[in-house]
Amino acid sequence: MEDNVANFTERTEAQTERLSTGVPGLGEILGGGFISQRAYLVRGAPGTGKTILGLHFLTAGALQGEPCLFVTLGETEEQIRNNAASLGYSLNGISFLDLSPAPEFFTEDQSYDIFHPAEVEREPITRKIIEKVEEIRPTRVFLDALTQFRYLSTDSLEFHKQAFSFLRYLSESGATVVFTSDSSQQAPDDDLQFMCDGIIQLECNDMERSLCVTKMRGSSFRMGHHSFRLTTRGMEVSPVLVPDLQREGLAPIFTGELTASGIAELDALLHGGLDRGTTTVLTGPSGVGKTTVGMQFMKASASRQEKAVVYIFEEGLESLLRRCEAINLAVRPLIESQNLSVVPIEPLSFTADEFSSLVCRDVEQSNARIVMIDSVAGYRMSLRGKDLISHLHALTRFLKSKGVSTILINELKSLSGDFHISEIGISYLADDIIFLRYLELNGELRKAIGVIKKRVGDFEKTLREVQITPDGLKLSEPLTRLRGLLSSQIQLTWPEGGFNEF
């Protein structure tokens, strides 16, 4: 009885052991990896990356000294090795069983007068598989593609029984199996979806590649369509960002610490600065100075030896640096000291998931304390029609959970007119809202800055004129004698003199 309990416990532990997929990002989606001694189906059209995923799986095992087996019924071993070499894979430690049709099949007479072809060909193929498995006792098997066995069966019922029996034979031999299917309308793989323990669906359209998990027995998994890319290094997956703020260690961090800008008048507007771990929206029309104000906070943080990262979607690095130098905002030395990073992003080259993964990696690896995204409009282009609000929500919640201050640059289309914060509904994401707007006074175009929201703590209720000069940002004393600044009707309530001079 005790022996039976011990055997059951040992088998249960083996069944819950996780094996690395070898694909960066995929283990995070699968809850840690594949469960040992189970079978997983990888589906997708030709060219979506099914074989590459299998190579990742096998090479990850081979690097740990595990016996691994690649069973191919389509491409030859030579073709697979050549393709793997072009991607930089080392297939050392991986055994092959090449069951692809030989050229002799075409040149020699392979007709059968009495028996069904499946009955003649199945037995030698089955024998080869059993001999190879018994020889190397693999812990990982990749089979490309299991649907080829369908042609070795006389009908669909027999195929179902043979496929199920084959997968069970491999798992009870101690192997974790990943297999692909060649599905079509004429030969669907619904039966394989029922008998496997997990399903990974690969998709590819004109804009991007995506991966989704639709089944994972005995394990939770992250739902959704996750972006992936096929590169010279193989497959790289960028999971959809779903921060769990209730999980231990991910509660929002509000320490009461303030992030100052280094300009006394600007910090006075915020009663000391931005609160650590909050999201700030800097909003206003084009050219009003949003990026300049944001860079002032980033420069001040980096000068305090805090890691700061700026993601720019709408201009190049040198263009931004020249603009900063023109107003005495010395950020180049901070980049050279690695306290400040400026990362140009081409939105059409990144998916939203890839950008989120980049930000998460920068925060976790370099311990960034403040992040600026310039701008929301550029970030929106990388979404390619997807929901902006949900992606920004997930990203800002993740950053907040890490105690990172976030600045979002938001551009308004109208230069003047009645005041509004955002044209795309992102104001609810903000803990702080700083707005800039144009004023037309006495034939001159002037600029004003103010705070309309600060979730943690108080703020100055007045506005100040802001000027961008060769000596940097300059803010006036509070504009207490102007009325209608948030509408299109501005009234001056003092006699002469205009705004206070700097």
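Of all the heavy atoms in S357 and S238, the pair that sits closest is OG-CB, 3.4 Å.
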Pair R43-T214, side chain to side chain donor-acceptor pair (under 3.5 Å): steps then yes or no: CA-CA 11 Å; R43 307 180 68 239; T214 59; over 6 Å; no

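Between D431 and the options K400, K453, K454, a salt bridge (charged side-chain N to carboxylate O under 4.0 Å, His left out) holds for only K400. Under the side chain to side chain contact (heavy atoms under 4.5 Å, CB included) rule, L408 has a single partner from L282, L392, T283, which is L392. Under the side chain to side chain contact (heavy atoms under 4.5 Å, CB included) rule, H56 has a single partner from L87, V178, V23, T21, which is V23.
Judged as a ring pair (Phe, Tyr, Trp, His ring centres under 6.0 Å), not a single pair has a partner in residues 196-233 (not counting sequence neighbours).
Contact check on E364 versus R361 returns no salt bridge, with no Lys/Arg side-chain nitrogen under 4.0 Å from an Asp/Glu carboxylate oxygen. For D275 and R455, the salt-bridge test fails: no basic side-chain N is under 4.0 Å from an acidic carboxylate O. The pair R369-E257 does not meet the salt-bridge criterion, since no charged nitrogen lies less than 4.0 angstrom from a carboxylate oxygen. R38 has no carboxylate O lying under 4.0 Å from a charged side-chain N of E17, or vice versa, which leaves the two without a salt bridge.
Between F398 and V404 the shortest side-chain heavy-atom distance does not fall below 4.5 Å. The closest side-chain heavy-atom distance from T280 to F297 is not below 4.5 Å. Between I94 and F142 there is no side-chain heavy-atom pair separated by less than 4.5 Å.
Here F313 and F355 bring their ring centres to under 6.0 angstrom of each other. Ring centroid separation for the pair F57 and F34 comes in under the 6.0 Å cut-off.
Not counting sequence neighbours, the partners of R229 by the side chain to side chain contact (heavy atoms under 4.5 Å, CB included) test are T231, E354.
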